[in-house]
Amino acid sequence: MNKYRSHYCNNLRKKDVGSKVLLAGWINKKRDHGNLLFIDLRDNYGITQCIIDKENSNFSSLEKIQLETVVKVEGEVINRSNETINKEIATGEIEVKIQKFEVLGVCKELPMPIFSDQEYSEEIRLKYRFLDLRRKKIHENIILRSKVISFIRNEMYNYGFLEFQTPILTSSSPEGARDFLVPSRLNPGKFYALPQAPQQFKQLIMVSGFDKYFQIAPCFRDEDARADRSPGEFYQLDLEMSFVEQEDIFEVVEKMLINTFKKFSNKKLMYDKFPKISYADAMMKYGTDKPDLRNPLLINDITEIFLRKDVSFEIFKKLVKKGFNVRCIVTQNTKDRPRSFFDNIDKWAKDQGASGLAYFTIEKEAQIQAKGPIGKFFSEEALAEIMKKTKAKVGDSIFMACNNQKELEKITSLAREKIAKDLGLINENIFAFCWIVDYPMFEKNEQTNKIEFSHNPFSMPQGDLKKINFDNPLDILAYQYDIVCNGVELSSGAIRNHKPELMYKLFSIAGYTSQQVDEKFSGMINALSYGAPPHGGIAPGIDRIVMLLADEKNIREVTMFPMNQNAQDLMMNAPSEVNENQLKELSLSLKLKK
RNA sequence: GGGGGUGUAGCUCAGUUGGUUAGAGCGAUCGCCUGUCACGCGAUAGGUCGAGGGUUCGAGUCCCUUCACUCCCGCCA
């Protein structure tokens, strides 16, 4: 028999009554009745109540022991009387009468309680992560994460994918996020970069003829953190397939995601087949390319209304003449909402840096009229036109903003979320997936006025490749797609451009010479000229998938050892200073800003 | 880089208009308690009110600066 335990802390049941057992674990909770002591012993699997009374010579030493001390307990499984059965725990019908015990690991006074539903500051949680991870919810989240990854890995094998590792020390890439750099000792003055994603490697794997690849890949990007974005590193289910079109990828990924979400969550899927929304449509209807489809509110453009003579809302009319647009959100049957509801939203919009949201409610007495601060500026005919355009009905309210397209998208997208939240329109018990498709290949940088790749520069442009009009690069769409779930961007992918000539052409539009392309992407561009198969892929974010499944709002709740917002590991003290010798070996010297 | 929030005992928090010796619960220590499962009861210890400066007779409270954590914007092909 094992020296430490004969059973786990969730094993024992009524049938074990009478048997002698060895349990080992942490002292989760003590209830000391003076001459009788209850101890809840906890391990990874569960909790068993152990009991000892004054008759036993070990009583007084066990009575003094700290919570979270690791002990080994030897005793007999005994029955609990009916009134003392605890239905909350699986082992609640029995308890272990302690005969002997031994301390295996002492515990100092705790900086934070383990057995408690209290919330603690992130600082203390991250510094003592090993204690934090003992707590029930996060312990379960991490176990869920393991199971999800294992399940996904198994699914991918079943679909015929092979798992390969790719290098962690690689080269810096000019596109995308800021790189993490690693100085090279053997090549003074030169640096490796940690991969932002195994993008080029997975394409090279396709060129190497492996057909279907996946990897639970660590990705490193030196960008600032958000609640749903770890600083530093995160994991993607990176995958790539040869001889495929967009639809082939959709089929595999949809199947994988649906199976995973059905297995690990009780929430319903809003769509069993993910709807496809073009990037342009998404930006119009939702103001963002990561729409939360649980939210029923839609955005409408009503710029034309403000060209009418029977509309006299001069502030908007002037802006419209200058080329601005007006977009609006209709809320159903809100005519009886208190004035504070409308004013709160207007005030909120101003806090967001917008000039506020104008609003009115459509009512009907003798005739249809707009009620609210700006209602009087609209004629009955103009209102009819608005109602036609927005499908608004009597009793509905309309919130409007006027601005340039980019600002409009921003504020209406935020307003859509805010208003839906205020009205309680979002069903939290649903997962609403969708594909966002038809991303533009290029976009114009507002500041520099230069044409840039809007997403992945290795994407394949859409349409007949012989007939693409490179004179209007902003009109070129790419086979580029994202998966969005409940407003969270879960993955993005593309059919890749496997034709070197076309690649040079596209890069030249973004301002790169062929020489620069050869230099920056030497591995790949070279490979593409030795018989590259058409291929494509996608990379769903593992952390965010687990976050959705665990119903957490913060990615650190599903990450075992996360860094804080300033990209520091408070437990391991990273990053840290290094000594002179280490710097010298790397031919580095520091020039710190004061 | 910018904006918001928070910072009071080991932990979670309260602290009024600026006014005596800064409080509670949990935890810790000590004592009582044989059926609890958030056990109960009593006592004790524990504080640079994040830090620095200012206003004031007097600052946890008001002002300025700064630090830490967090949320957001920028950034994230």
Side-chain angles (χ1 to χ4, degrees), chain A residues 28-41 47-56 59 63-64 66-68 78 80-89 91-92 95 97 107-128 131-132 173-179 196-197 199-200 219-232 234 290 351-353 410-411 414 439-443 445-447 452-459 478 480 482 489 492-494 507 510 520-521 539 541 553-554 556 563-566 568 570:
Chain A
N28 193 57
K29 195 74 193 169
K30 284 192 300 184
R31 289 174 295 280
D32 189 350
H33 290 235
N35 293 312
L36 178 71
L37 173 65
F38 296 99
I39 288 182
D40 289 341
L41 197 67
I47 285 179
T48 302
Q49 173 166 284
C50 304
I51 182 167
I52 188 168
D53 65 20
K54 210 145 200 179
E55 304 293 302
N56 192 305
F59 181 83
E63 199 181 20
K64 287 196 179 68
Q66 279 273 357
L67 294 182
E68 293 305 309
I78 57 173
R80 291 207 209 181
S81 65
N82 277 339
E83 337 55 277
T84 59
I85 285 172
N86 183 353
K87 285 174 186 153
E88 305 287 309
I89 55 174
T91 59
E95 59 198 1
K97 191 169 169 63
C107 180
K108 296 200 289 184
E109 189 179 338
L110 294 162
M112 57 188 275
I114 308 300
F115 178 64
S116 161
D117 292 329
Q118 263 175 30
E119 305 265 355
Y120 317 101
S121 72
E122 292 264 343
E123 200 172 357
I124 202 106
R125 291 183 58 195
L126 294 184
K127 184 166 176 195
Y128 296 97
L131 293 179
D132 191 34
S173 67
E175 291 288 324
R178 207 175 287 115
D179 283 316
Q196 295 185 21
Q199 180 62 41
Q200 293 191 56
C219 304
F220 305 90
R221 296 177 192 175
D222 187 3
E223 299 295 342
D224 289 351
R226 289 287 184 278
D228 65 349
R229 200 166 84 202
S230 294
F234 60 97
K290 39 181 182 175
D351 288 343
Q352 299 302 309
K410 204 166 120 189
I411 190 64
L414 288 171
Y439 276 83
M441 189 81 209
F442 298 100
E443 66 188 1
N445 183 315
E446 302 263 318
Q447 271 121 45
E452 296 177 348
F453 287 108
S454 67
H455 277 75
N456 186 327
F458 309 124
S459 302
Q480 161 91 38
D482 278 12
E489 186 189 323
S492 80
F507 267 93
K520 295 291 182 189
F521 308 104
K553 299 250 175 315
N554 193 299
R556 291 187 295 276
M563 297 201 282
N564 71 7
Q565 195 167 44
N566 295 322
Q568 298 160 339
L570 298 175

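Reminder, nothing fancy here: chain letters follow the sequence lines and each chain counts from 1.
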Hunt down the Watson-Crick or G-U wobble partner of [N], both distances under 3.5 Å, from any strand shown, or write none.
N     : value
B:U34 : none
B:U55 : none
B:G25 : B:C11
B:C69 : B:G5
B:C39 : none

For this session: Report the residue (A:K30 or A:E109) whose heavy-atom-nearest nucleotide on RNA chain B is the more 5′ of the two.
Result: A:E109

Exercise. Taking atom CG of A:D224 and atom CZ of A:R229, what is their separation to the nearest 0.5 Å?
Worked result: 7.0 Å

[N] versus [M] - spacing of their [atom1] atoms, nearest Å:
N     : M     : atom1 : answer
B:A22 : B:G46 : P     : 13 Å
B:G58 : B:C41 : C1'   : 41 Å
B:G52 : B:U8  : P     : 15 Å
B:U55 : B:C73 : P     : 41 Å

Between [options], which nucleotide gets closest to the side-chain atoms of [X]?
X      : options             : answer
A:R80  : B:C37, B:C71, B:C76 : B:C37
A:Q565 : B:C11, B:C73, B:U70 : B:U70
A:Q118 : B:C73, B:A38, B:U12 : B:U12
A:Q49  : B:U36, B:U34, B:A28 : B:U36
A:R556 : B:C71, B:G35, B:C39 : B:C71
A:T84  : B:A38, B:G35, B:C71 : B:G35
A:P111 : B:G10, B:C33, B:C71 : B:G10
A:E63  : B:C37, B:C33, B:C72 : B:C33
A:H33  : B:C71, B:C39, B:A68 : B:C39
A:E95  : B:C71, B:G74, B:G35 : B:G35

Without decimals, in angstroms, what is the distance between [X] [atom1] and [N] [atom2]?
X      : N     : atom1 : atom2 : result
A:N566 : B:C72 : CG    : C1'   : 15 Å
A:I114 : B:G10 : CD1   : P     : 17 Å
A:I124 : B:G7  : CD1   : C1'   : 13 Å
A:I52  : B:C37 : CD1   : C1'   : 18 Å
A:Q568 : B:C67 : CD    : P     : 13 Å
A:D222 : B:G1  : CG    : P     : 13 Å
A:F453 : B:C76 : CZ    : P     : 15 Å
A:E68  : B:G10 : CD    : P     : 20 Å

Does a nitrogen or oxygen in the side chain of [X] sit under 4.0 Å from OP1 or OP2 of [N]?
X      : N     : value
A:R226 : B:C73 : yes
A:R31  : B:C39 : yes
A:Q196 : B:C76 : no
A:K29  : B:G27 : yes
A:N86  : B:G35 : no

For this session: Applying side-chain hydrogen bond (donor to acceptor under 3.5 Å, both in side chains), name anything that partners A:Y120, two or more places apart in sequence or on another chain.
Result: A:S116

Problem set entry | Salt bridge A:K29-A:D40, side-chain N to carboxylate O under 4.0 Å | no

Exercise. Quick one: are A:Q196 and A:C219 in side-chain contact, heavy atoms under 4.5 Å?
Worked result: no

Exercise. Would you say A:Q480 and A:N456 make side-chain contact, with heavy atoms under 4.5 Å?
Worked result: yes

Exercise. Which part of the nucleic acid, if any, lies within contact of A:D228, taking any heavy atom under 4.0 Å across all strands shown: a base, the sugar-phosphate backbone alone, or nothing?
Worked result: nothing

Problem set entry | Within the 6.0 Å centroid threshold, strictly below: A:F507 and A:F521 | yes

For this session: Compare every heavy atom of A:N566 with every heavy atom of A:N564, then report the nearest pair and how far apart it is.
Result: OD1-N, 2.9 Å

